[in-house]
Each structure stands twice: as structure tokens, then as C-alpha cells.
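One structure is given below, encoded as C-alpha cells.
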Amino acid sequence: MEFEPRDQLLQRQKKLEEIAGLGFDPYPHRFAWKQTAQEIVSAYEQKSAAELQETNVNVSVAGRILTIRLHGKAGFAHIQGQGQKLQIYVKLDAVGAAAFQLFQLLDMGDVIGVSGHLFRTKTNELTVWVEKLTLLTKALLPLPEKWHGLADVEMRYRRRYLDLIANERVRHIFVQRAAIIRYIREFFDARGYLEVETPMMHPILGGATARPFITHHNTFDVDFYMRIAPELYLKRLIVGGIDRVYEINRNFRNEGVDAIHTPEFTMLEFYEAYSDYRDLMKLTEELFARLVKDVSGGMKIKYGEHELDFSHFESLSMREAICKFWPANAGNAPSIDELSTSQGPRSIAERYNNFARGKRLDLIRDLDKSSSGELTGALFEAVAEAHLIQPTFIYDFPTDISPLSKCRKDDPSVTERFELFVEGMELANGFSELNDPADQERRFRAQVETGGAEVPKEVDWDYIRALAHGMPPTAGEGVGIDRLIMLLTDSNSIREVILFPTLRPQKDSDIDAAAASEETK
RNA sequence: AGGGGCGUAGCUCAGUGGUAGAGCAGCGGCCUUUUAAGCCGAAGGUCGUGGGUUCGAUCCCCACCGCCCCUACCA
């Protein structure tokens, strides 16, 4: 072991030997606790000093020492178990000479168990009057600073264990994350959905447009793609008669990393037979409203500077959104009719680019190479997306950017597809699933011809075959769980809601030193 | 990928073209109801790495490494 701070490590190793020398086991195997700190606090925090004295509540509780205040022949400490802090009072007279000697050798970070009774101090803090003190684990490295906690963002992510000990909010976020996901499961289970797990390693790319991670299977001697979406497998299950199905699991996309993107992220995907995208919009509104209520108690949540109101969801077609948020001074505002013509989006994009050049905004690129559907999508992103702060459904996505969605009967240039935006962030994407195998084959072929790293190299014939066996009319949706949790926990980065976010692997001094000591063995 | 910012003691942070400081943690001592405990004492640093400018660089310049923010791609 060659960790920093070297002097404190050595000091603690010395104490460890002293403790062992006194006959105490520094790493015992178990501790017969009777209560958690949480149980003690919730049961007795309302009890007065007199009540505690009368009932003489005996407790046995374990936790990590966060602070120590030694006063000669007595001392206070706070221990923390399951996120709950609890003060203990250790007095020479009460624990005896040997245990007090042990107490004096303890450091912040050590894990201990204490038995005794509850009382209140002069300042009325609920405290354990320790009668028996047991060391449960000696910590050889110190905790971060007790008042400011751990602030260095990089170290918070790399050594999440310290972040969790030092920063209460971090623990709370992951408790909430678990509760939110549990709630989602209950929501779908109650509606007759079956939760499944489908492959993470795919022989053919599909279900989304994204650059994949590629891995290799030795025995088969073939490459697999880490999945970018479970979509095509879940729809095979719809063909197989699992009429309501969902999966909550990781997707992997080999793309940019920023506040709302990370290479592995958690996605909820769900599919229900005999419904269409309108049904899913209703379901989505209900799910989100319930989650918000569960977390906040009301229909509103605070996110950064904004107050987000989930009691009402705005709803706009993509073309409407472009018209609505068309910037002033950007020339003639487009109309729905103009956007619906075959050359409309192109001339509108030109108008936008002329405006953007003057404002030094980013241009819509590849005007000549793009289809009118692609340009409509690009216009939406350029003009409207950032304005969608309050919960807003955008629907009627262009067909050529929606290869898995059903077209509208009255307008084949758009599909029965929607996305939910909050805080300018895409949170959900759902549509009436394309179930015409011939149409699906045409669109897959078109994709393969287009080419590109984010597009499948071959047609997924087994998926087409599944559709040929008949997939009932079905609606399906994906929800970015991490982003949802960002919103519900008022977190400004996706890395705040992922326990061990993907970071560049480190060559830190600790690792180097450890490696060095490995070599010298 | 482009632009901006940051990197100083184990942690949280000051600071300066003349080789560096505080608080906490750690160490020695005092203290039997403290709570960011207190008091006394001592210790702790190749100022991210490598170049350059300079009599002299932690500070100015360049490159690199890492992280953060914004923009672009993407969910």
C-alpha cells in the first residue's frame, strides 16, 4: 500500500498495531446491532430528556465515525449509518480504562459499534451514552474535510465512496433514483406489463441511430455491437405475444460526453399492443405527473432557475413549433403549409441560415444533401428545441428521420411519433410502431444505402421476418431515465445521477505508486 | 472537435516576478456535556507535467495531461 497521505497512513497503521496490542481485533467479522441510527433517531428524536431517563432506552448501533471531540477523560463523536448521523458520548467512568484507551486510538473514518442508553446533552442533542465500545473496522486513510466535504468534482466521481460519505445530498440523489425506478416498475406492472431483459450484445445495429461500441466474442470469432437500443428485440416479443412489455436497462452509444450525454445510460423502453402514439402521450403524461407528485408532493418541481409545472403538458406538432418559435427578424415567418411542401423546408432553412449568419449562430448544414424531413428536424432543433422548458410534446415527426414509425394516414410525409421535451432536453420518444414488413424492409434498405457509422451495415432480416409473422398494431416509447432523474433531483449534470460515471481512465499518483510497489515485490 | 476556465499541503481555499500561507485533518501536550469544540506547541509543499522568457518563474509565454463550463455531434 502506497497511498497518500503517506504520513497519515503510517500513523494509522501504527495505531492499528497498538489496538491489536491491547487485545482488540481491528477487523472483527460481525456486530450484533439492535437498531440502525435511522431507527433510533426516528423513534426517539421527539422524546424529552426526562422521558429518555425514565424509559432507559438501551441501544446497540454501528456506524462510521465522522467527527471526534476529545475532552481528556471523555469525548463526543458522531457516527453515521445509512446516511443518518448520531452522536455518542464516551466517558472513561462509563466504558472502563481499556475501552477508553481504544477510543483515544480511534480516528475519523473508523467504523465502530456502540452499546448503551440514550440521553440528551446540555444542548439537548439525542446521544448514546456508551457503555460498550467495539472497533469494527480501522480506516487507514482519512476522510475528506469535515466541514466543506469533498468539492473536487473529478475526485467526487472517481472516488464516489468518499463523496457518498462526505456529501449528504449525493446519497439522497441515489436513494431518490432507486425510488423513482421502483415507482416506474410499479406503474407498468400495475398495467399488466411484463419486465424483460433483452441482449446487450447485438450482431446487427438497430433501434436507433448512433455510433456503437464494438466488442469481440472469441469462441464465435465474431464482433458484437453493444446495444444502442433494445427496440427491435422488444418488438419481437410483441410478435411473440407479450402484448405489454418493458425493459429498464443500459444502452451504449459511442458519442459525445457532456452534461446530458454519457456513453452508457439507462433507458426505459415499453411497448403495448393495440395502442397508438396518442395513447402513449396520455400514459406518459400520467407517469410523469405521478413521479413529480411522488417526489415533490405537488405538480411543480424546481429545476435550476425554473419552476416546472407538470399539471399541464403543452402539445405542438413539429411544424407548429418551428412557426411558433421562429425568431423575430429572421425574415418571413414560415407557415405550416410552406413547411408541408416538398421544397418548403429547404427555402426556410436558407432563410434561417441567412439570419443565423448575421447573428453568428450555427448554421443548418448540408442543405443540399438533406431531405426536406431532415431539414424540418434541423429547423426544429435550431429554432424551437431550446425554448421547450415546460413539459411539451412535439409530434408529427418527418418520415425520413423516423425509420421505425408508422406514417400518418392523411399525410405520409410525417409519422405518428412524438418526443417529450422539458428544459430543452429530450426526455422521451414514442411512436406508433411500423408493422408493415414490406415498408420496414424498404426503410432498412434505404438506411443501409445511406451508410455511415451510426447506421446498420446490413438489413436485420430476422426482424423483418418477425414482422412478416404479424406484429399487432403497437405503440412504443423510450424514456431517458438518467435525464428524468436529473429533473426530479434538480441535478445539472447526468454524471450527478450516475454512481460511477464514465471518465477518462486515470493515471493518478496513487495508482502509479501502487503499481511501483507491485513491481518492487 | 472549437472557445473559455481551473489545477497551490491529505481536504477546503488564499496569495505573490524575489523559492509560499490559513482553516480542517495528522503529530505532541492540557481539558469528564462538546458539536466547524477550545487552548498551547511542533511538523507538513519538486505551487499538474515539460519547455521558454528573465539575473530570478508557483506567477508571464508555449506545449502537453486532467477536470469543469459553453458551442457542435448525439438521447
Side-chain angles (χ1 to χ4, degrees), chain A residues 3-12 14-15 49 66-78 85 87-95 100 107-109 119-125 127 129 141-159 162 166 207-212 228-229 251-269 360-365 378 381-382 385-386 419-421 425-429 452-454 478-484 486 492-495 501 503-510:
Chain A
F3 297 113
E4 291 297 322
R6 187 93 186 110
D7 57 334
Q8 296 195 41
L9 174 67
L10 290 171
Q11 186 59 40
R12 283 170 181 237
K14 205 178 105 197
K15 285 184 182 177
L66 290 190
T67 59
I68 303 178
R69 296 171 293 283
L70 278 173
H71 298 83
K73 296 183 176 61
F76 288 92
H78 274 101
K85 290 190 186 74
Q87 182 166 260
I88 65 169
Y89 181 53
V90 182
K91 206 167 84 139
L92 173 59
D93 304 346
V95 296
F100 198 73
D107 291 297
M108 287 187 262
F119 77 111
R120 285 192 180 272
T121 62
K122 278 181 183 169
T123 54
N124 210 35
E125 180 167 350
T127 302
W129 180 285
L141 290 170
L143 293 177
E145 214 252 6
K146 65 184 173 189
W147 184 243
H148 299 93
L150 188 62
D152 182 86
V153 176
E154 181 179 359
M155 207 187 292
R156 286 187 44 233
Y157 297 154
R158 289 199 193 275
R159 303 189 195 164
L162 292 181
T209 312
R211 281 156 62 200
I228 57 172
N251 287 347
F252 304 86
R253 298 188 185 176
N254 203 342
E255 286 173 348
V257 178
D258 62 28
I260 56 168
H261 296 90
T262 191
E264 53 176 309
F265 63 101
T266 300
M267 183 92 126
L268 159 70
E269 282 206 11
R360 297 221 195 123
L361 294 172
D362 292 293
L363 304 182
I364 294 170
R365 292 178 306 183
E381 283 170 25
E385 199 172 33
E419 290 189 352
L420 174 63
F421 288 86
M425 219 166 35
E426 183 195 332
L427 276 187
N429 174 17
E454 64 284 342
V479 177
I481 294 293
D482 309 286
R483 290 179 178 182
L484 171 62
M486 283 173 68
N492 62 2
S493 164
I494 201 165
R495 289 185 288 278
L503 299 178
R504 195 177 296 275
Q506 196 180 26
K507 266 190 83 81
D508 81 3
S509 54
D510 284 4

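By convention in this document, chain letters (A, B, ...) are assigned in the order of the sequence lines, proteins followed by strands, and residues within each chain are numbered from 1.
- Base orientation of B/U58: anti, since the glycosidic angle falls outside 90° of 0.
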Between the protein and nucleotides 26-30 of chain B, are there any N/O to N/O pairs under 3.5 Å, and if so, what are the atom names and distances?
unit_1	atom_1	unit_2	atom_2	d
B/G26	O4'	A/Q8	OE1	3.3
B/C27	OP1	A/K15	NZ	2.8

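- As rounded to the nearest Å, B/G17 and B/C47 have C1' atoms that lie 14 Å from one another.
- When heavy atoms are screened at a 4.0 angstrom cut-off, A/G75 is found touching no nucleic acid atom at all.
- Distances shown here put a side-chain N or O of A/K146 below 4.0 Å from the OP1 or OP2 atom of B/A25.
- Proximity of A/R156 to A/R495: side-chain heavy atoms (C-beta onward) are nowhere separated by under 4.5 Å.
- Across B/U32, B/C11, B/C68, the shortest atom-to-atom separation from the side chain of A/Y89 is found for B/U32.
- The base-pairing partner of B/A63, taking Watson-Crick or G-U wobble contacts with both distances under 3.5 Å, is B/U49.
- By the 30° and 60° cut-offs, the orientation of the rings of A/Y89 relative to A/F119 is tilted.
- Within the shown strands, nothing qualifies as a pairing partner of B/U54 under the Watson-Crick or G-U definition with both distances less than 3.5 Å.
- For a distance-only test at 3.5 Å, the side chain of A/Q87 qualifies as a donor-acceptor partner of the base of B/U34.
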Report, one pair per line, the protein and nucleotides 72-74 of chain B atoms (nitrogen or oxygen only) whose separation is under 3.5 Å.
unit_1	atom_1	unit_2	atom_2	d
B/C73	N4	A/D258	OD2	3.0
B/C74	O2'	A/E255	OE1	2.2
B/C74	O2	A/H261	ND1	3.2
B/C74	O2	A/H261	NE2	2.3
B/C74	N3	A/H261	ND1	2.9
B/C74	N3	A/H261	NE2	2.2

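- Look at CZ on A/R6: it is 16 Å from P on B/C11, rounded to the nearest Å.
- Rounded to whole Å, atom C1' of B/C67 lies 15 Å from atom CG of A/N492.
- At the heavy-atom level, A/R156 lies nowhere under 4.0 Å from the strands shown.
- In this structure, A/T127 and A/A151 both approach RNA chain B, and ranking their closest nucleotides by distance from the 5' end singles out A/A151.
- When both distances must be under 3.5 Å, the Watson-Crick or G-U wobble mate of B/C24 is B/G10.
- When Watson-Crick and G-U wobble pairs are counted only if both distances are under 3.5 Å, B/A37 pairs with no nucleotide at all.
- Checked against B/A36, B/C68, B/A37, the side chain of A/R69 finds its nearest nucleotide in B/A37.
- Using a 4.0 Å heavy-atom distance criterion, A/N429 is classed as making no nucleic acid contact.
- Look at the C1' atom in both B/C6 and B/C64: the space between them is 16 Å, to the nearest Å.
- Residue-to-nucleotide contacts include no donor-acceptor pair under 3.5 Å from the side chain of A/E145 to the base of B/G10.
- Looking at heavy atoms from C-beta onward, A/K146 lies out of side-chain contact with A/H78 at the 4.5 angstrom threshold.
- Contact annotation for A/T262: base contact, defined as any heavy-atom pair under 4.0 Å involving a base atom.
- Listed candidates were B/C11, B/U12, B/U33. Nearest to the side chain of A/F119 is B/U33.
- Inter-residue side-chain proximity for A/I260 and A/E426 is flagged as unmet; no heavy-atom pair is nearer than 4.5 Å.
- Put simply, CZ on A/R158 is 9 Å from P on B/G66, counting in whole angstrom units.
- Residue A/E419 is classed as having no contact, given no heavy-atom separation below 4.0 Å to the nucleic acid.
- Residue-level contact check: A/M267 touches neither bases nor backbone, having no heavy atom under 4.0 Å from any strand.
- On the P atoms, B/C60 is 30 Å away from B/C24, given to the nearest whole Å.
- The gap from the C1' atom of B/G26 to that of B/C67 amounts to 28 Å, rounded to the nearest Å.
- Counting to the nearest Å, the C1' atom of B/C65 and the CD atom of A/E154 are 11 Å from each other.
- One P atom belongs to B/C68, the other to B/U53, and the distance between them is 35 Å to the nearest Å.
- Comparing A/D152 and A/K73 by the nucleotide of RNA chain B whose heavy atom lies nearest to each, the residue mapping closer to the 5' end is A/D152.
- You'll find that the side chain of A/P5 is closest to B/G10, out of B/C68, B/C31, B/G10.
- Ranking B/U33, B/C68, B/C69 by closeness to the A/F76 side chain, first place goes to B/U33.
- Nearest nucleotide to the side chain of A/Y157, out of B/A36, B/C68, B/C31: B/C68.
- Look at the C1' atom in both B/G45 and B/A22: the space between them is 15 Å, to the nearest Å.
- Atom-to-atom, CD1 of A/I494 to P of B/C67 comes out at 17 Å; the value is rounded to the nearest Å.
- Taking the P atom of each, B/G50 and B/C13 are spaced 25 Å apart, rounded to whole Å.
- Remark: the separation of the C1' atoms in B/G66 and B/A14 is 23 Å, to the nearest Å.
- Distances were taken from every side-chain heavy atom of A/A259 (C-beta onward) to each of B/U34, B/C70, B/U32; the shortest belongs to B/C70.
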